[in-house]
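A note on names: the letters A, B, ... follow the listed sequences, proteins ahead of strands, and every chain is numbered from 1. For the numbers below, each heavy atom of this structure counts, side chains included, while hydrogens, waters and symmetry mates do not.
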Number of protein chains: 2
Amino acid sequence: MPNDHKMADGIFNKKVTSRVTMADVGRLAGVTQVTVSRALSHPDKVSKDTLRRIQDAIDATGFVPNAVAGALASKRSNLVSALIPSLTNVVYTSFMATFSDHLRQNGYQVLLSETGFNTASEDALIATHLSRRPDAMLLTGIHHSDKARKQLQGAGIPVVEIWDITDEPIDICVGFNHSAAGHAVAEYLKAKGHAFAATITADDERALRRQSAFAERFTVLSQNAVPDANTGGTASIGAGRAAMAHLIDHSDFRKGAVFCSSDLSAHGAIIELRARGFRVPQDIAIVGFGDQDFARDIDPALTTVAVDRLRLGHLAASSVLDKLMGQPIKSVHDLGFKILTRLSA
Amino acid sequence: MPNDHKMADGIFNKKVTSRVTMADVGRLAGVTQVTVSRALSHPDKVSKDTLRRIQDAIDATGFVPNAVAGALASKRSNLVSALIPSLTNVVYTSFMATFSDHLRQNGYQVLLSETGFNTASEDALIATHLSRRPDAMLLTGIHHSDKARKQLQGAGIPVVEIWDITDEPIDICVGFNHSAAGHAVAEYLKAKGHAFAATITADDERALRRQSAFAERFTVLSQNAVPDANTGGTASIGAGRAAMAHLIDHSDFRKGAVFCSSDLSAHGAIIELRARGFRVPQDIAIVGFGDQDFARDIDPALTTVAVDRLRLGHLAASSVLDKLMGQPIKSVHDLGFKILTRLSA
DNA sequence: ATCAAAAATGTATGCGCATACATTGCGCTG
DNA sequence: CAGCGCAATGTATGCGCATACATTTTTGAT
């Protein structure tokens, strides 16, 4: 009998199963707790024979190590916490898949939460996450409250900021220059011969930065103002359609190019244009952002700005891992971006 | 000086910051550790005055409670772990957003991982997650290995299985009957006058169940075989296009209806059909699954099977919470489903 | 003013593990 | 065959907090 202090239980299953501990396993295998601990974390330091007996005991008892106790004792939680703006936006979640995978292979688990593009909730989440004593933390973007920066500094753990770059990262940042992307699209469209342009932008700080850089540059190049339709909230096909409709109904924009802050809204814009009988790109050209998987599959295939998300995931993960291993690492990684010319612009 | 055993650090920042503990905060506020603990978890049991002094001390020191130690001592981690097949599939992540939110409001944090539609990796993840001693666990689907069931039973925590129902849940399940959905769509399409039908299905156990129920029922009703194009892997617009192309190129299917296992592949199918000059729904009608946000926004608007995901999220969360509070609860929740008739079928 | 009850705080303890250090036994060199 | 070195295991301890219980202080009713 491992534990003898079972609670008095009702008929319904509460905590009936007395949790098995390393001591219980050891008792069964004829060794002490510390040998069981070693068998699990440093098997080379335990004899072949006891290793087998311990393994048998583990199987017999269904022992599951208590990582909570382990973390408290060792001061390493093997947790990496990650905060992303939205769980439902593939741009962020596809990154997370890569990132988690890479970390999992190195023994870390990812504690993921959604901030909702909201600084106040980010602050609260940072505190909650830090209370779990993660070994590292990943944040989206480079704008964080003073309170957040202070707490993170106090935690003394590696911090990676992604999707953007700055000369003064909290610790490490991996991303690209959003203004530069806006400028590049402006130049691309001007070079394609467009004299008029508009933008469709979601309420996202980075998207707004791309938009204003685009508008500023395109205005200089073409001497024409660049109307913007803000979708409010998050980008979606529906929001893109609505924004495109708004642009046509409330401005004299009938010919030119539209730079959308997301492939999703770009797709919506295309659907709206086609429904209204416009030709894409002959009447209105569309440029998206993000190179989501569907961008090449819609009709017409979407011209968009691509960032190497796979590389972003890998770099973010390996930066964290390197830092955790104590290796000095580069703290600002500029991934760059690429305009993928397809049919829509 | 809270801690006096700082490690010898290199030039680069390792763990320099000596972590502040409740004892440190207490010392500063002139009370003991336990009063600080109480101030945080049972503020009503601490006098107004000391409460204020403790708060000041917390602010001054930047104290962040150590939830790891708390969990070890109290045997409650305030963690709920959740395993979903894919982080990039909005169907699952939108559910998670609701679920996490609801739990967060009740003081729980969600530890989320992706299983990748893969039983082996699910087993491994279950063990890893259980090692963090979550207070409850959420799984997707009702098919789990014996080993997994055993471990979960041993953990003695509430377990919710979602997206499907069964008479023998591990503990609680919230979902709907996938076969019934397949049957309903078959009857719907037959009633609409279709004599021919095909399916486009992803490699997902539940999708396959809907598909086979659909095919079986439609065959009975129409006396015509139902060809299937498996997209392999996950549903996507690209996969839907390819599957639709395959269907047309490799069968004599030219007129009828197609039941897709996801709105995403349905959307792809529509794009492919239009690119080939087919009219939707006049030539070929399309039914999706999931009622994702874009379903109403594409052209033609997508007829699809809707499940109340919001309700799913709420029910899953509140079932867990109720069970954690010790309240006896219903263990099988059938959410049902609804065919939303729009333009595509 | 008195005393019991309630409020406020403190003391003692252990959760389950990792880690530093101590001990044992054994093969091997010279 | 003494003595050294290493492999294998054990002992002792504490991580930071929650909780049961003990003690002190305050309150209020008489």
Would you check, one step at a time, whether the test salt bridge (Lys or Arg N to Asp or Glu O under 4.0 Å) holds for Asp101(A) with Arg104(A)?
CA-CA 5 Å; Asp101(A) 241 46; Arg104(A) 175 160 43 247; 3.1 Å; yes
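Checking His129(A) against Ser113(A) by side-chain atom types alone, a donor-acceptor pair falls below 3.5 Å.
Considering only heavy atoms from C-beta on, Arg133(A) stays 4.5 Å or farther from Ile157(A) through its side chain.
At a threshold of 4.0 Å, the pair Asp146(A)-Arg149(A) does not count as salt-bridged, since none of the basic side-chain nitrogens sits closer than that to a carboxylate oxygen. Salt bridge Arg53(A)/Asp56(A): absent, no basic N to carboxylate O contact under 4.0 Å. The pair Lys323(A)-Asp171(A) meets the salt-bridge criterion, since a charged nitrogen lies less than 4.0 angstrom from a carboxylate oxygen.
Per the geometry, CG belonging to Asn78(A) stands 10 Å off P belonging to dA18(C), to the nearest Å. What separates CZ of Arg19(A) from C1' of dG16(C) is a distance of 12 Å, to the nearest Å. Atom CD1 in Ile58(A) sits about 10 Å away from atom P in dC17(C), given to the nearest Å. The distance from atom CZ of Phe63(B) to atom P of dG16(D) is 10 Å, rounded to the nearest whole Å. Nucleotide dC15(C) holds its P atom 13 Å from the CG atom of Leu72(A), rounded to whole Å. Between Arg76(A) atom CZ and dC17(C) atom C1' there is a gap of 12 Å when expressed in whole angstrom units. Look at NZ on Lys75(B): it is 15 Å from C1' on dA20(D), rounded to the nearest Å. The CD1 atom of Ile54(A) sits 11 Å away from the C1' atom of dA8(D) (whole-angstrom rounding).
For the segment residues 29-47 of chain B, the set of residues with a heavy atom within less than 4.0 Å of an atom of DNA chain D comprises Gln33(B), Val34(B), Ser37(B), in numerical order.
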With a cut-off of 3.5 Å and sequence neighbours excluded, list every side-chain donor-acceptor pair involving residues 57-64 of chain B.
| residue | atom | partner | partner atom | Å |
| --- | --- | --- | --- | --- |
| Asp59(B) | OD1 | Gln55(B) | NE2 | 3.1 |
| Thr61(B) | OG1 | Ala57(B) | O | 2.8 |
| Thr61(B) | OG1 | Ile58(B) | O | 3.3 |
| Thr61(B) | OG1 | Phe63(B) | N | 3.4 |

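Around atom CD of Gln327(B), more than 12 heavy atoms belonging to other residues, nucleotides or ligands sit under 6.0 Å away.
Residues Thr50(B) and Arg133(B) each lie close to DNA chain C; by heavy-atom proximity, the contact nearer the 5' end of the strand is made by Thr50(B).
Although no hydrogens or angles enter the test, the distance criterion places a donor-acceptor pair under 3.5 Å between the side chain of Ser121(A) and the main chain of Thr115(A).
Relative to the side chain of Ala73(B), the nucleotides dA18(D), dC15(D), dG16(C) differ in distance, and dA18(D) lies closest.
Axis deviation across the helix from dA1(C)-dT30(D) to dG30(C)-dC1(D) amounts to 30°, comparing end segments of five pairs, rounded to 10 degrees.
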